Amino acid sequence: MDVSAAERAVTSRHLRRVWGLPGTVLGRSRWPAAVDQRLHWHWNYWWQAHLLDTLVDAQLRAPASGRLALIRSFVRSVRLRNFGRWTNDYYDDIAWLGLALQRVSTLGIDVGPALAAIDTQLLSGWTSAAGGGIWWRRGDDFKNAPANGPAAIFHARSGNLARAREMTSWLTSTLVDPESGLVWDGIRADTGELVKHIYTYCQGVYLGACLELSLVDDAARTVRAVAEHLAPGGVIRGQGGGDGGLFAAILARYLALAARSLPGREAETARSLVLDSAEACWSGAAPGLVFSAYWDRPAPWPLPEDAPERDLSVQVGGWMLLEAAAKVS
């Protein structure tokens with residue numbers, strides 16, 4: 001596996017200027033890009049957050065002045081494309097960007113105003129409805145793991161441990177299946193209906209929150225549940241293209257963290273899940289390192305027009321997985 005080659009493949013296919021402006025760069029959401037994608041009309045805010053986070057992975061792995069300049073341009077371009085704002089109406093989106101920007105700040109790049117804006121909006125989303133937690137988006141009646149998980153990690157890393165603990169405790173008491181140990185998607189506050197869909201990234205963000213707060217037993221239980229239910233043959237299950245293209249990679253990011261911080265056999269389980277998934281992803285890539293949307297099977301080649309492998313999310317997900325594997329190799 002060559003994680004540097006993965007970085008080159010994804011960035012060369014997808015990174016382009018915003019509206020042709022010098023000093024700007026974002027990821028085009030499809031390859032090859034249609035006209036609206038070339039104009040970044042469909043720019044997928046939260047996909048960009050994960051692309052930025054993975055660029056930070058690469059910079060920490062192999063520091064380079066050119067990539068650091070790219071990251072600076074990328075951060076400016078997010079605000080430009082978002083019409084001068086750092087936030088939107090989706091609490092999960094802004095939590096993802098907040099996590100990426102927290103890591104950007106460790107590179108010596110000033111993102112203080114962005115982090116303050118994100119922190120303020122995340123704090124405003126907390127209500128007592130459904131027992132606590134923040135909304136999925138403004139004006140909605142749904143509270144879910146995809147918003148509360150990354151927000152809990154964000155608050156823990158910013159030093160607001162009280163709010164991080166409240167969020168994680170709410171997730172544990174409301175959305176963790178007591179039988180399987182897996183994390184359900186969310187709850188409708190107006191009716192109390194639990195939405196029991198199982199997504200890999202819900203496990204990842206809950207695991208990440210538990211690790212930030214040293215909730216070792218909860219983190220270990222989650223690793224065991226993932227290994228038993230969501231990784232047939234030891235390879236993390238894929239969930240297609242679109243938003244689903246990032247789900248498994250988000251889980252891999254936090255499994256890699258678990259491998260480095262948990263005691264006992266769960267650490268080795270987490271490590272094996274990451275490494276076995278990465279090996280499968282690498283070996284199943286199509287020519288030019290086009291990663292499969294499903295790591296347990298090869299990418300189709302030549303790619304059909306509607307192939308999920310054309311999505312930025314899928315390709316960033318493959319690269320993110322390989323960066324995670326590099327951390328635990």
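As the structure is a computational prediction, the values presented were derived from the model and not from experiment.
- For W47 and Y45, the distance between ring centers is not under 6.0 angstrom.
- Between W19 and F83, the ring-plane angle classifies as parallel under the 30° and 60° cut-offs.
- Side-chain atoms of R79 come within 3.5 Å of backbone N or O of G84 as a donor-acceptor pair.
- Looking only at distances, a side-chain donor or acceptor of R67 sits under 3.5 Å from a matching main-chain atom of A62.
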Can I get a per-line list of side-chain donor-acceptor pairs under 3.5 Å for residues 299-309, giving both atom names and the distance, sequence neighbours left out?
unit_1 : atom_1 : unit_2 : atom_2 : d
E309   : OE2    : A293   : N      : 2.9

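- Not less than 6.0 angstrom separates the ring centroid of W184 from the ring centroid of H197.
- Within the 4.5 Å cutoff, the side chain of W136 has no heavy atoms near those of the D185 side chain.
- In the model, W46 has a side-chain atom that pairs as donor or acceptor with a side-chain atom of D243 under 3.5 Å.
- A side-chain N or O of R76 and one of S73 form a donor-acceptor pair less than 3.5 Å apart.
- Of the possible donor and acceptor atoms, none in the side chain of H40 sits under 3.5 Å from a partner among the backbone N and O of V25.
- Between the side chains of Y254 and T222, no donor N or O sits under 3.5 Å from an acceptor N or O.
- At least one donor-acceptor pair under 3.5 Å links the side chain of D2 to the backbone N or O of S4.
- Between the side chains of R310 and Q315, no donor-acceptor pair is found at a separation under 3.5 Å.
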